[in-house]
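A quick write-up on the structure given underneath.
All values below were derived from every heavy atom in this structure, side-chain atoms included, with hydrogens, water molecules and symmetry-related copies excluded. Note that the structure is predicted; figures quoted are calculated from it, not measured.
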Amino acid sequence: MAKLPPRERILDAAEELFQSEGIRRVSVQAIAEKAATTKMAIYRHFETKDALVAEWMRIVAAGYQAAFDRVQSEHPGRPREQIMGLARFIAEGLPAISHRGCPFINSLAELPDRSHPARQVIEEHKAHQTRRLVGMCAEAGLPDPEQAAAEITFVLEGAQVSTQNGSIDRAGARLMSIVEGIVDRHGSPLDASRPAVG
């Protein structure tokens with residue numbers, strides 16, 4: 001960490017401390033010590049602690065948006081595979097969630113004020129993520145893409161919470177199976193053209 005530029009050192013230190021100890025419990029002084037810098041240096045890069053938290057959330061959000069970009073580039077023109085790729089991204093990340101928790105969920109729990117800049121970053125990210133998932137569902141030919149995207153979102157986020165609290169075993173495998181079932185079930189009305197039996 002000492003070889004990184006000061007701003008990156010501060011962000012890395014803040015991420016590690018926020019993840020392990022929570023936003024409220026971590027002081028600016030603790031971040032400065034972890035980053036091998038001073039409080040004054042932190043305030044040169046980030047006007048307030050809230051601004052630092054918001055920037056950390058932007059970095060976390062960018063990682064999730066990159067996952068969308070990645071599955072779209074890996075499966076061009078195949079939205080169903082893109083949706084399953086997103087599910088796989090979350091499923092594969094569950095082991096880390098089990099002991100550290102989802103940074104979005106944890107941060108929302110600590111930031112009840114909806115005007116907090118970090119909370120606004122999270123809400124904007126979630127809205128953007130939903131729009132992208134609805135678009136994938138629409139491209140996959142699902143007749144009600146908004147409903148399918150809502151169900152998939154519930155499963156992805158629920159799997160993270162269930163993994164964090166240890167209530168469900170084999171969460172990753174179950175997540176993949178449920179998302180596949182949602183996609184298949186929402187796709188079934190397209191088979192309405194089949195002749196009726198009887």
With a 4.5 Å cut-off on side-chain heavy atoms, are [Y] and [X] touching?
X: Val53; Y: Phe46; value: no
X: Leu11; Y: Leu52; value: yes
X: Val71; Y: Glu81; value: no
X: Leu86; Y: Arg88; value: no
X: Asp69; Y: Arg132; value: yes

Practice item. Identify, with sequence neighbours excluded, every residue that meets ring-ring contact (aromatic ring centres under 6.0 Å, His included) alongside Phe89. Key: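 Scan of Phe89 (ring-ring contact (aromatic ring centres under 6.0 Å, His included), adjacent residues dropped) gives Tyr64.
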
Residues in side-chain hydrogen bond (donor to acceptor under 3.5 Å, both in side chains) with [X], at least two apart?
X: Arg70; value: none
X: Arg114; value: Glu123
X: Ser73; value: none

I'd like to know if [Y] and [X] are part of one continuous hydrophobic network [Ile/Leu/Val/Met/Phe/Trp/Tyr, side-chain heavy atoms within less than 4.5 Å].
X: Met57; Y: Ile59; result: yes
X: Val134; Y: Ile83; result: no
X: Val161; Y: Ile178; result: no
X: Ile105; Y: Leu156; result: no

Quick one: pull up [atom1] in [X] and [atom2] in [Y] and give me the separation to the nearest 0.5 Å.
X: Leu175; Y: Arg170; atom1: CG; atom2: CZ; value: 12.5 Å
X: Asp144; Y: Glu146; atom1: CG; atom2: CD; value: 6.0 Å
X: Gln65; Y: His128; atom1: CD; atom2: NE2; value: 4.0 Å
X: Met84; Y: Ile152; atom1: CE; atom2: CD1; value: 8.5 Å
X: Cys102; Y: Leu94; atom1: SG; atom2: CG; value: 10.0 Å

Exercise for review: Any pair with a residue in residues 173-183 that passes side chain to side chain donor-acceptor pair (under 3.5 Å), sequence neighbours left out, goes on the list, sorted by first then second residue, please.
Suggested key: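 Sorted pair list: Asp169-Arg174.
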
Exercise for review: Would you mind listing every side chain to side chain donor-acceptor pair (under 3.5 Å) that reaches into residues 45-54, with sequence neighbours excluded?
Suggested key: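 For residues 45-54: Asp50-His116.
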
List the residues meeting side-chain contact (heavy atoms from CB on, under 4.5 Å) with [X], not counting sequence neighbours, and say none if there are none.
X: Ser27; answer: Gln29, Ala30
X: Leu108; answer: Arg119, Ile122
X: Pro79; answer: Gln82, Glu139, Ala140
X: Ser115; answer: Asp113

Give the minimum heavy-atom separation between [X] and [Y], together with the two atoms involved.
X: Ile31; Y: Ile10; answer: CG2-O, 4.0 Å
X: Ala148; Y: Cys137; answer: CB-SG, 4.0 Å
X: Gly22; Y: Glu110; answer: CA-OE2, 3.2 Å
X: Trp56; Y: Ser107; answer: CZ3-OG, 3.6 Å
X: Thr163; Y: Ala171; answer: OG1-CB, 3.3 Å
X: Pro103; Y: Val60; answer: CG-CG1, 3.7 Å

**Study point:** Residue pairs fulfilling salt bridge (charged side-chain N to carboxylate O under 4.0 Å, His left out) with at least one residue in residues 150-166, sequence neighbours excluded
**Key:**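 Residue pairs passing salt bridge (charged side-chain N to carboxylate O under 4.0 Å, His left out), neighbours aside: Lys126-Glu157, Glu151-Arg185.
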
Practice item. Any salt bridge (charged side-chain N to carboxylate O under 4.0 Å, His left out) involving residues 51-65? Give me the pairs, sequence neighbours left out, ordered by first then second residue. Key: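 Residue pairs passing salt bridge (charged side-chain N to carboxylate O under 4.0 Å, His left out), neighbours aside: Arg7-Glu55, Glu55-Arg58.
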
Exercise for review: Please step through side-chain contact (heavy atoms from CB on, under 4.5 Å) for the pair Arg24 and Leu111, ending with a clear verdict.
Suggested key: CA-CA 9 Å; Arg24 294 296 184 195; Leu111 304 172; 3.7 Å; yes

Exercise for review: Keeping the roles fixed (side chain from Glu21, backbone from Val26), state whether a donor-acceptor pair exists under 3.5 Å.
Suggested key: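 No.
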
Review point. Passes side-chain contact (heavy atoms from CB on, under 4.5 Å), Met136 versus Arg80? Steps please.
Key: CA-CA 8 Å; Met136 287 179 178; Arg80 188 181 188 282; over 6 Å; no

